Amino acid sequence: MKLNTASAALLFSVCALFSAQPALAGDDRYIDVTGQGEVAAYPDYLQLNLTVSDTQPTAKAAKAKVDTAMNNVLAISKKLGIKKEDIDAAHISNQPVFEYDYSAGRNKREYKGEQVSRNVSLTLRDMEQYGVLVHELLQNSLVKLHNTELRFNDRAALEQQAMTLALTNARNKASSMAKALDNKLGKVLHIEEQGGGGQPMFEMRAMSMAKSDSAPAPMLIQKQSINASAGVRFELK
């Protein structure tokens with residue numbers, strides 16, 4: 001029986017496909033799992049970020065107001081035992097301020113003055129002082145708090161502990177799955193670090209001015225979680 005060219009090519013392709021199946025099956029004997037790890041620890045210190053700013057008819061007048069408020073911030077910091085090396089206030093900027101009037105199609109812009117701003121970062125080692133610090137700072141209307149970050153002296157060590165737990169979790173999970181299907185784990189073929197936990201942060205949104213005669217509320221700090229995640233591919237025997 002004679003085969004035309006198209007039939008012969010099709011038959012060859014089918015034979016090649018079936019002959020390749022055992023090799024493909026052997027190469028595909030693996031299992032992918034994702035492991036999770038978590039470490040809980042109390043933060044060692046916090047960083048408070050704030051801005052001292054004011055708007056006046058001239059930049060010189062605005063800076064004078066900001067300088068006075070900044071000296072007050074430094075006095076509060078010194079009273080609470082914050083060292084100079086734990087204060088970062090090197091960045092100062094100014095910009096013109098305009099007020100826009102869009103009523104009745106006027107689309108008018110009016111110059112209102114110059115705004116001077118100074119960004120400040122305070123590192124508080126004694127976190128028991130946090131309530132007093134915020135209370136004192138908010139007595140000045142030129143001080144605007146942004147956020148408070150809880151930090152660790154050796155975050156890298158905590159992240160490594162969490163990753164070790166994640167890898168152990170991945171191995172145990174893969175071993176359990178393989179055993180359920182009458183397989184055994186072989187060597188590790190691939191490891192990929194995935195997203196972990198971010199830096200704990202407390203937002204200070206729309207905080208009103210604290211009254212001078214009100215008692216500062218304490219900051220209730222709990223353990224913070226450091227998370228790690230890892231994808232691992234194991235060979236199946």
Side-chain angles (χ1 to χ4, degrees), residues 35-54 66-93 116-169 193-230:
Q36 306 290 339
E38 179 179 350
V39 174
Y42 285 106
D44 298 298
Y45 64 97
L46 62 81
Q47 181 176 300
L48 179 63
N49 301 302
L50 58 97
T51 299
V52 182
S53 65
D54 192 29
V66 169
D67 286 344
T68 299
M70 185 64 207
N71 286 331
N72 179 248
V73 170
L74 294 176
I76 294 171
S77 301
K78 183 178 181 180
K79 182 174 66 174
L80 296 180
I82 300 177
K83 299 179 180 180
K84 289 184 178 180
E85 53 265 32
D86 285 332
I87 302 174
D88 185 356
H91 181 70
I92 187 170
S93 62
V116 174
S117 300
R118 191 165 184 178
N119 296 328
V120 184
S121 176
L122 301 177
T123 298
L124 186 63
R125 307 289 176 181
D126 181 5
M127 292 188 292
E128 294 293 330
Q129 299 277 20
Y130 177 79
V132 177
L133 174 62
V134 171
H135 179 80
E136 293 288 338
L137 291 174
L138 289 179
Q139 304 309 311
N140 194 322
S141 61
L142 302 189
V143 175
K144 306 297 181 184
L145 302 185
H146 298 305
N147 63 294
T148 300
E149 302 174 37
L150 298 176
R151 297 193 169 186
F152 302 93
N153 289 331
D154 194 353
R155 183 179 177 86
L158 296 173
E159 290 175 343
Q160 184 58 54
Q161 292 178 34
M163 179 55 66
T164 299
L165 292 175
L167 294 172
T168 301
N169 176 248
E193 181 180 7
Q194 300 175 351
Q199 176 68 43
M201 182 178 298
F202 292 91
E203 296 291 342
M204 310 291 291
R205 298 184 187 274
M207 179 175 286
S208 60
M209 284 290 294
K211 295 182 179 179
S212 59
D213 58 350
S214 62
M219 182 182 187
L220 304 177
I221 301 176
Q222 304 299 325
K223 285 186 175 181
Q224 305 298 307
S225 294
I226 305 296
N227 301 301
S229 180

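These figures come from a predicted structure and were not determined experimentally. The residues of the chain are indexed from 1 along the displayed sequence.
Residues meeting the side-chain contact (heavy atoms from CB on, under 4.5 Å) test with Asn169, sequence neighbours left out: Gln36, Lys173. Under the side chain to side chain donor-acceptor pair (under 3.5 Å) criterion, Asp88 pairs with no residue, sequence neighbours left out. Partners of Asp86 by side chain to side chain donor-acceptor pair (under 3.5 Å), not counting sequence neighbours, listed by chain and number: Arg125. The side chain to side chain donor-acceptor pair (under 3.5 Å) test applied to Glu193 returns no partner, not counting sequence neighbours. Residues meeting the side chain to side chain donor-acceptor pair (under 3.5 Å) test with Gln47, sequence neighbours left out: Asn49, Ser121, Arg151.
Considering only heavy atoms from C-beta on, Asp126 stays 4.5 Å or farther from Tyr45 through its side chain. Within the 4.5 Å cutoff, no side-chain heavy atoms of Thr51 are placed close to those of Arg118. Side-chain contact between Leu137 and Leu48 is present, with heavy atoms from C-beta onward closer than 4.5 Å. Ile226 is not listed as a side-chain neighbour of Glu38, based on a closest heavy-atom distance of 4.5 Å or more. Contact of the Asp154 side chain with the Leu158 side chain is not registered, since no non-hydrogen atoms from C-beta on lie closer than 4.5 Å.
Distance check: Leu46 CG to Leu124 CG gives 4.5 Å after rounding to the nearest 0.5 Å. Atom CG of residue Leu50 and atom CG of residue Leu145 lie 6.0 Å apart, to the nearest 0.5 angstrom. For the atom pair OH (Tyr130) and NE2 (His135), the distance works out to 13.5 Å, reported to the nearest 0.5 Å. The structure places CD of Gln129 at 12.0 Å from CE of Met127, a figure rounded to the nearest 0.5 Å.
Looking at every heavy atom in both residues, Ile221 comes nearest to Pro43 through CG2-CG, 3.6 Å. Heavy-atom minimum distance, Val116 versus Val66: O-CG2, 3.4 Å. Residues Met163 and Ser229 come closest through the heavy atom pair CE-O, 3.8 Å. The two atoms that bring Ala230 and Ala166 nearest to each other are N-CB, 4.3 Å, heavy atoms only.
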Donor-acceptor pairs under 3.5 angstrom involving side-chain atoms of residues 69-83: please list them, not counting sequence neighbours.
{"from": "Asn71", "atom 1": "ND2", "to": "Asp67", "atom 2": "O", "distance (Å)": "3.2"}
{"from": "Ser77", "atom 1": "OG", "to": "Val73", "atom 2": "O", "distance (Å)": "2.9"}

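Here the side chain of Asp44 pairs a donor or acceptor atom with the backbone of Asn153 at under 3.5 angstrom.
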